[in-house]
Amino acid sequence: MTTPLLQVDAVTVHFGGITALERVGFSLVAGELLGLIGPNGAGKTTLLRAIIGVVAPDEGRVHLAGRDITTLSTDARARLGLALTHQIVRPFRSMSVIDNVVLAAGHAKTGSLLKAVAAVGRVAEERRAGELLALVGIADFAQANPAALPLGALKRLEVARALAIDPKVLLLDEPLAGLNSVEAERLAETLVRLNAGGITMILIEHNLAKVAEVCARLVVLDNGRKIADGATRETLADPAVVAAYIGKEAADART
Amino acid sequence: MGAYELTLVAVVSINVMLALGLNLITGFCGQVSLGHAAFFGTGAYAAALMAAAGWPLPVVLVAGGVTAAVLGLLVGFTSLRVREDFLAITTMGVGFVFVGFVRKQGWLGAEMGLTNIPDHGLGDIGFILMCLGLVAAMAAISAHIKRSWLGFGFAAVADDEATARTLGINVPLYKLAAFVIGTFLAGVAGAVYVYFTRFIIPGAFGFTVSISILSMVIVGGVGSLWGVIVAAVLLTLLPEFSRVINDYKLLLYGALIVLTMRFAPDGLAGIVTSLSRRLRRSET
Ligand SMILES: Nc1ncnc2c1ncn2[C@@H]1O[C@H](COP(=O)(O)OP(=O)(O)O)[C@@H](O)[C@H]1O
Ligand SMILES: [Mg+2]
């Protein structure tokens, strides 16, 4: 068996009295596109944040490509190839849309102070950022300020910016929410294509039909616990999942 | 140029250097400092001791900068530990501690200050040229940083630290870099000041000075290079030309900070940008 690209072991996160995650573990093989589902408040966002280190787990370990990254800072994890898109968008509002992506595309330069102070040119990064904006379908907004963008465009900016750091594992926190159905369809296709091109992904998405269409495997959280982990079709049919989830939506997705 | 004009040029130059240094920390990197005068003073005292011991001017300038930058590094470390709003209070505290400390140190001349500082030996014109050269060099360094990927990273840190981290930017390291470079400039300014007055007392590096430097950065337009330079020149000259303004200096600077933040958060630079945009629109 090959070592998993990402391995999460018994991660527990408390917020004051709330247990957001309780001993959640799973592993991810390179090339997978894993769906992470569960009702609101299940702990999905917290799990992605714990993987990239924005939230420090109270217990448990996270390994990336066999290396224990549990105690590494978020920026060190990003430099090792983890990227996150935020469920609640967080563009740099003091920069244009394209500069948000250019900055990320320059990760090799900003990753070291000495390189950062010596390097001035941005041509290659601007080209790459332009390509990524076009890829997610917001090239028209390149020069705009993020404040002027509709939510659907900001969600796609999150994806373009995360892609710009050339991640090995892309953590996508509801990237399709806020997009209209045409935009969502296009972005989902793009993600599938990028996944086929070698980027491993975890996708949080509340539309189960969409998840079933895109992901071969699902991890299901409920109340901070993992209640299922397996092939999409079987997992959605799992009585525990049907019970925890909104039964009707799960039933719809199976047909 | 008479002696008075030369004095003005030197004082303006020193203030521009101080404002450029603080602009790196507060303007580029978003770390508020209400204690910039402490770094100015640290550089000045280090320079005064070195100059009195017979070290040549270039060495003294660098030593002033390095000593201030060491303190800057230490204060920078605290900036990593405290929340944003608390950093203002911390740096203000550093300013008061600095003055309080120096006042009690016999080897630093205590209240009486240090006086045995040798002449720079450059002559009046030579000294002014050195001041202007240093201002030009510091402006060039600032301009380079702003254009570089370091400046790009600073802008991200100033905007949203947590998001900057998810893009691989080592936020603590960037903050420390801003503090070290900005306080180095302040220390060099301190050394220049020492040669200029040849006499320093603790009171020359108090809270008023920190606030005046901050007002130059804010009025000029946080992060804007030319805006900050223009504001530093104007705010230094204003009290020189009006006795009344001089008497109410702290009040004026404080009011300018409040008014700018309330009505023109992007300062002079922002006002000029929006005016020129309006002009261009009315032309077409
Ligand atoms: N920063 C936080 N502080 C306190 N509670 C939080 C925080 N983030 C999440 N929670 C709580 O943790 C639980 C899981 O939240 P979250 O991970 O956002 O769920 P999901 O993304 O599955 O909707 C919820 O009860 C939520 O209220
Ligand atoms: Mg969520």
Side-chain angles (χ1 to χ4, degrees), chain A residues 48-49 51-55 72-86 88-96 99-122 125-126 146 157-158 161-167 170-171 173, chain B residues 24 26-31 69 73 76 80-81 138 140-182 184-185 221-224 265-267 269-270 273-274 277:
Chain A
L48 295 196
R49 288 158 70 88
I51 291 171
I52 201 164
V54 175
V55 165
L72 291 185
S73 62
T74 296
D75 50 279
R77 296 183 203 206
R79 291 194 295 275
L80 288 177
L82 283 178
L84 171 74
T85 73
H86 299 93
I88 296 166
V89 295
R90 289 183 78 154
F92 295 115
R93 295 183 190 275
S94 63
M95 301 175 193
S96 66
D99 274 355
N100 266 267
V101 185
V102 173
L103 177 80
H107 61 95
K109 289 170 179 164
T110 54
S112 134
L113 264 194
L114 286 181
K115 279 186 197 151
V117 74
V120 169
R122 295 187 186 180
E125 290 80 6
E126 278 167 359
L157 173 57
E158 286 282 338
R161 192 172 63 181
L163 284 169
I165 72 167
D166 301 316
L170 179 56
L171 309 172
D173 198 346
Chain B
L24 265 157
T26 302
F28 290 2
C29 199
Q31 306 303 297
L73 187 64
L80 309 180
R81 302 242 160 263
M138 291 184 190
I141 290 170
S142 299
H144 169 78
I145 290 175
K146 193 167 179 174
R147 282 175 57 229
S148 75
W149 284 84
L150 182 65
F152 207 174
F154 281 159
V157 173
D159 191 315
D160 181 350
E161 284 181 26
T163 300
R165 280 175 199 267
T166 64
L167 301 179
I169 291 176
N170 187 333
V171 172
L173 203 60
Y174 272 68
K175 286 187 187 175
L176 289 179
F179 268 98
V180 166
I181 305 170
F184 178 86
L185 300 193
V222 173
S224 155
D266 294 324
T273 311
S274 66
R277 207 176 289 146

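Values in this document were obtained by computation on a predicted structure and should not be read as measured data.
Across A:Val54, A:Leu84, A:Ile52, A:Thr74, the residue that shares the most heavy-atom pairs under 4.5 angstrom with chain B is A:Thr74. Taking chain B as the reference chain and counting heavy-atom pairs below 4.5 Å, the highest number among A:His86, A:Lys115, A:Glu125 is found for A:Glu125. In terms of non-hydrogen atom pairs under 4.5 Å with chain B, the most contact-rich of A:Gly111, A:Ser94, A:Ala83 is A:Ser94. Of the residues considered (B:Ala155, B:Gly153, B:Ala156), B:Ala156 shows the highest number of contacts with chain A, using heavy-atom pairs under 4.5 Å.
Contact annotation for A:Leu103: both backbone and side-chain heavy atoms come within less than 4.5 Å of a heavy atom of chain B.
Taking the side chain as every heavy atom from C-beta outward, B:Leu167 and A:Thr110 never approach each other to under 4.5 Å. Between B:Asn170 and A:Arg79 the shortest side-chain heavy-atom distance falls below 4.5 Å.
A distance of 7.5 Å separates CG in B:Asp159 from CG in A:Asn100, rounded to the nearest 0.5 Å. A:Leu113 contributes atom CG, which lies 4.0 Å from atom CG of B:Leu173 (distance to the nearest 0.5 angstrom). Separation of atoms CZ (A:Arg161) and OG1 (B:Thr163) is listed at 5.5 Å; rounding is to 0.5 Å. Of the inter-residue distances, the one linking B:Thr166 atom OG1 with A:Glu158 atom CD reads 8.0 Å to the nearest 0.5 angstrom.
Listed by chain and residue number, nothing satisfies the ring-ring contact (aromatic ring centres under 6.0 Å, His included) test with B:Phe28 (two or more places apart in sequence, or in another chain).
Minimum heavy-atom separation, B:Arg147 to A:Arg122: O-NH2, 3.7 Å. Across all their heavy atoms, B:Tyr174 and A:Ala116 have their closest contact at OH-CB, 3.6 Å. The two residues A:Asp99 and B:Phe152 come nearest to each other via the heavy atoms O-CZ, 3.5 Å.
No side-chain donor-acceptor contact under 3.5 Å links B:Trp149 to the backbone of A:His107. One N or O on the side chain of B:His144 and one on the backbone of A:Val117 form a donor-acceptor pair closer than 3.5 Å.
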Verdict with supporting geometry, A:Asp75 and B:Val171, side chain to side chain contact (heavy atoms under 4.5 Å, CB included): CA-CA 8 Å; A:Asp75 50 279; B:Val171 172; 5.8 Å; no
